[in-house]
Amino acid sequence: MQETKPTVKRSYTTCGELNAGNIGEQVTLKGWVNRRRDHGGLIFLDMRDRYGITQVVINPENARDAHAVAEGVRGEYVLAVTGKVGERPEGTENPNMATGEIELVVSDIEVLNPSKTPPFYVNQESDVDESLRLTYRYLDLRQPRMQRNLRLRHRAIKIIRDYLDDRDFLEIETPIMVKSTPEGARDYIVPSRVFPGDVYALPQSPQQLKQLLMVSGTDRYYQIARCFRDEDLRADRQPEFTQLDLEMSFVDREDVLDLTEGLFVKMFSELAEKPLKDSTFPRLSYQESLLKYGTDKPDTRFGLEISDVSEIVASSEFGVFANTVKSGGVVRGFSVPGKGDIPRSQVDALTSAAQGFGAKGLVWIGLEEGENGLSARSPIAKFLSDDEVNNLATATGASAGDLMLFVADKEAPTAEVLGRLRNHVAHEYELIDEGSHAFCWILDFPLFEWDEDGNRWDAAHHPFTSPMDEDVQFLDSDPARVRAKSYDLVLDGFELGSGSIRIHDRDIQNRMFGLLGYSDEQVEERFGHLLRAFEYGAPPHGGIAPGIDRTVMLLAGEHNIREVIAFPKNQSGQDLLMGAPSPIDETQLQELHLQLDLPPEEDHEDE
RNA sequence: GGAGGCGUAGUGUAGCGGCCUAACACGCUGCCCUGUCAAGGCAGAGAUCGCGGGUUCGAAUCCCGUCGCUUCCGCCA
């Protein structure tokens, strides 16, 4: 891969561009010493930069001064080496190197900067403790894999910009210091010096601002937007992260889905190493996804689809099944091909995994050829009739030699347990098709979800999400039944982003707030600015906000978004390179009218 | 806030009650070496085994606590 663009002119040569066509040219390479091989006479240096590695050879017989310099050179020294591009002697070509046909025969070396011995290898892949990598992130980023990730991220964002520019979108920046709206995630707070006691908040997303841009007539907006949420971290979650935030006017759901799908197909066809499983993204309703995959972010690269077998076992002699169904619960399960004869130890491991996911128990049934169709090898075999065994097999798509796994409980925990068990089994038995990427859309989310703790309805997406037209009639009578015009984009089991068509009707918006239990004062305080804007001619609008970090992570084949963020934070939210967060001066506190009220220091010596 | 995993020279690992006066590889330092590309050869330096306590005649090893990192749950409109 030639990364250097032909139009780029430099006064020196990069370490990735020389080949047999340059033999005889006088050039200067600038870069880092990747490796040094000192033969006493000849010294070989591998020079590395972002573009590649080029071998440099120093011969004491025709470059005495350069040789003396090269003797003192070590790894990661920054050099300017000048010489003539030479054909490598017969038999010493290196077919593993892009520049392996040639070498630079050095006449002069200038040490631009020496380097201490790095705390970990820059010149080879190794599994170094991540906090060390983060502390010396600049060295970590020097490695080819990380350079590749940074470049991939750049390319992905470039494709986004070109694609949206072609479609009349304007890239518009929104403020980083905004108003705190205490709901959803915890805000990061910036105290005001000028207004004692008042604060700005960092945006959790530019949600309200992009809607205001729609009211402004901007029509099509996007932004590579930094978002901030003060919540605990995960492998795919950082306290600050980047979204492709976009919003369009005069659109319905189909328009947003089409536009987004086109963008991701383009991005993945140009950048991904693996093909898309489906170039048209399959669509699942939320209900369907929960039933078949036990989650609203299914990994559709593998089967193991879940089936509801409640009816089959409703009158089973196996009490747990029958009683669960009788009391309004469900029995669901899936089959694992070819695993009908796994040893008891593995079955036990699956059971304890399921229990770890919250299951009360796990019923397993190994299927064998029997006299009347299939027969069951299972602790509960004696409770199951031949008919029941065969019907369960049919329902889960299982046949002889397969393993069936069932969970019985109330619907929500059953779905969750099976969803997580499905992922677990797929990993355990390597059933995931790692050779492709699988996108899908999840549609028809409920508009509300019941908040057990607060004993009230909560917006499933956010309070500006429009209900489905045909469900508006249930807003007051049966909120649980109201579906939203919202959608999630899912890739390989990761939620890449969600979006919705927004409410532009003031009456429906007011009813939403009423249902969510906001008082007029709260509505005015939190959303007054937005609602006032909606009174001046708000166009129907909607959008979506896919996460850039997760997208690039999956493009890069990484398992952690920190690998595609130049300067990420560790799991405690610390920046180990700069040392943030850090204490602040008394002077700064005074200027901000702040006093500290710190928790008591744990002092072991006092005890 | 909770649960699991990990913590041994600069890095990655081994050792998992006494053969440990802690091993190996790479890296590092010095010397030798003119065709290597994970160069090679020789010599050497480098570790209070995360920290604290306990059990034991004896602890890197077992137990408890604690700290750090990480994965997951809670949390993430």
Side-chain angles (χ1 to χ4, degrees), chain A residues 34-48 53-62 67 71 74-76 86 88-97 99-100 103 105 116-136 139 181-187 204-205 207-208 227-239 241 352-353 356-358 416 420 423-424 447-449 451 453-454 457-465 484 486 495 498 500 512 516 518 526-527 545 547 559-560 562 570-572 574 576 602 604-605 607:
Chain A
N34 191 57
R35 229 175 264 280
R36 169 176 176 276
R37 292 176 295 279
D38 185 348
H39 288 228
L42 287 182
I43 295 176
F44 295 95
L45 299 177
D46 290 338
M47 293 290 292
R48 181 194 66 235
I53 291 177
T54 301
Q55 172 168 288
V56 150
V57 58
I58 304 108
N59 189 331
E61 284 171 12
N62 49 33
H67 188 266
E71 281 187 315
R74 294 293 180 271
E76 303 310 316
R88 290 205 191 180
E90 179 98 32
T92 66
E93 304 89 350
N94 186 342
N96 300 320
M97 289 176 76
T99 61
E103 63 193 358
V105 183
K116 291 169 71 171
T117 301
F120 53 85
Y121 302 113
V122 178
N123 58 11
Q124 69 181 64
E125 294 260 339
S126 59
D127 198 10
V128 183
D129 178 61
E130 199 177 352
S131 51
L132 192 67
R133 292 176 54 202
L134 292 177
T135 305
Y136 296 91
L139 294 179
T181 55
E183 60 165 60
R186 208 173 288 118
D187 283 328
Q204 294 176 25
S205 78
Q207 181 61 40
Q208 295 185 33
C227 305
F228 306 86
R229 293 177 192 173
D230 187 3
E231 298 293 347
D232 288 339
L233 287 74
R234 288 285 186 280
D236 62 353
R237 253 163 48 189
Q238 282 271 303
F241 60 100
S352 58
F357 302 146
E416 188 191 338
R420 293 179 62 185
N423 283 330
H424 176 81
L447 186 61
F448 302 102
E449 53 195 29
D451 177 1
D453 297 337
W457 290 105
D458 224 349
H461 185 48
H462 57 60
F464 313 111
T465 302
S486 65
E495 184 201 312
S498 50
S500 63
M512 272 294 282
L516 295 172
Y518 295 160
R526 294 181 194 177
F527 310 115
H559 295 97
N560 185 317
R562 283 173 254 127
N570 72 2
Q571 188 160 41
S572 320
Q574 293 171 296
L576 294 176
E602 295 282 337
H604 301 286
E605 287 170 332
E607 290 170 0

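So you know, we letter chains A, B, ... as the sequences are listed, proteins then strands, and number each from 1. As a basis for the values below, the full set of heavy atoms in this structure was taken, side chains included, without hydrogen atoms, waters or symmetry mates.
Between Ser572(A) and the phosphate of C69(B), there is a side-chain N or O to OP1/OP2 separation shorter than 4.0 Å. Side-chain N/O atoms of Gln124(A) include none lying less than 4.0 angstrom from OP1 or OP2 on U11(B). An OP1 or OP2 oxygen of U36(B) is reached within less than 4.0 angstrom by no side-chain nitrogen or oxygen of Gln55(A). Phosphate contact (OP1/OP2 of C73(B), side-chain N/O of Arg420(A), threshold under 4.0 Å): absent. For U36(B), the OP1/OP2 oxygens have no side-chain nitrogen or oxygen of Arg37(A) closer than 4.0 Å.
Asp127(A) places its CG atom 17 Å from the C1' atom of G27(B), with the value rounded to the nearest Å. The distance from atom CD of Glu231(A) to atom C1' of G1(B) is 13 Å, rounded to the nearest whole Å. Rounding to whole angstrom units, CG of residue Leu447(A) and P of A77(B) are separated by 15 Å. Distance CZ (Arg234(A)) to P (C69(B)): 16 Å, rounded to an integer number of Å. Between the CG atom of Leu45(A) and the P atom of A38(B) there is a distance of 15 Å, rounded to whole Å. The CZ atom of Arg36(A) sits 12 Å away from the C1' atom of A39(B) (whole-angstrom rounding). The CG atom of Asn123(A) sits 8 Å away from the P atom of G27(B) (whole-angstrom rounding).
Helical stems in RNA chain B, defined as runs of 3 or more consecutive Watson-Crick or G-U wobble pairs with both donor-acceptor distances under 3.5 Å, are listed by first residue as B:1-7 with B:67-73, B:10-13 with B:23-26, B:28-32 with B:40-44, B:50-54 with B:62-66.
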Would you please test Arg37(A) and Gln55(A) for side-chain hydrogen bond (donor to acceptor under 3.5 Å, both in side chains) and show each step?
CA-CA 10 Å; Arg37(A) 292 176 295 279; Gln55(A) 172 168 288; 3.0 Å; yes

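Among the heavy atoms of the strands lying under 4.0 Å from Asp232(A) is at least one base atom, whether or not backbone atoms are also near. At a threshold of 4.0 angstrom between heavy atoms, the contacts of Leu516(A) with the nucleic acid are absent. Looking at heavy-atom distances under 4.0 Å, Asn560(A) makes contact with sugar-phosphate atoms alone, never a base. Residue-level contact check: Thr117(A) touches the backbone only, with heavy atoms under 4.0 Å from sugar-phosphate atoms and none from bases. When heavy atoms are screened at a 4.0 angstrom cut-off, Gln574(A) is found touching the sugar-phosphate backbone but no base atom. Within 4.0 Å (heavy atoms only), Gln207(A) reaches at least one base atom of the nucleic acid. Within 4.0 Å (heavy atoms only), Asn94(A) reaches at least one base atom of the nucleic acid. Residue-level contact check: Arg35(A) touches the backbone only, with heavy atoms under 4.0 Å from sugar-phosphate atoms and none from bases. Using a 4.0 Å heavy-atom cutoff across all strands shown, Asn570(A) reaches sugar-phosphate atoms only and no base atom. At a threshold of 4.0 angstrom between heavy atoms, the contacts of Pro89(A) include nucleobase atoms, whether or not backbone atoms are also involved.
The existence of a salt bridge linking Glu76(A) and Arg48(A) is confirmed by a sub-4.0 Å separation between a basic side-chain nitrogen and an acidic carboxylate oxygen.
C62(B) sits 7 Å from G17(B) when the P atoms are compared, rounded to a whole Å. Comparing the C1' positions of C69(B) and C51(B) gives an interatomic distance of 15 Å, to the nearest angstrom. Taking atom C1' on both G41(B) and C33(B), the two are 8 Å apart, rounded to the nearest angstrom. With C1' as the reference atom, G52(B) and A59(B) are 15 Å apart, rounded to whole Å. Comparing U11(B) with C67(B), their C1' atoms sit 22 Å apart, to the nearest whole Å. When the C1' atom is used for both G5(B) and G58(B), the distance is 30 Å, rounded to whole Å.
The base of U36(B) sits with one of its N or O atoms less than 3.5 Å from a complementary donor or acceptor on the side chain of Arg88(A). In terms of polar N and O atoms assigned as donor or acceptor, the side chain of Tyr136(A) never comes within less than 3.5 Å of the base of G10(B) in a complementary pairing. Side-chain atoms of Arg237(A) come within donor-acceptor range of the base of C76(B), with a qualifying N/O pair under 3.5 Å.
Counting heavy atoms from C-beta on, the side chains of Gln124(A) and Arg35(A) come closer than 4.5 Å.
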Would you list the protein and nucleotides 40-46 of chain B atom pairs, both N or O, that sit under 3.5 Å from each other?
none

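For Arg186(A), the side-chain contact (heavy atoms from CB on, under 4.5 Å) partners two or more places apart in sequence, or in a different chain, are Asp230(A), Glu231(A).
Each of Leu42(A) and Tyr121(A) lies near RNA chain B, and the nucleotide nearest Tyr121(A) is the one positioned closer to the 5' end. Map Gly40(A) and Asp129(A) each onto its nearest nucleotide of RNA chain B; the residue landing nearer the 5' end is Asp129(A).
In this structure, the aromatic ring of Phe120(A) is not positioned over the six-membered ring of the base of U11(B) within 5.5 Å between centres and 30° between planes.
Residue Tyr136(A) qualifies as open at atom OH: its count of foreign heavy atoms under 6.0 Å is 12 or below.
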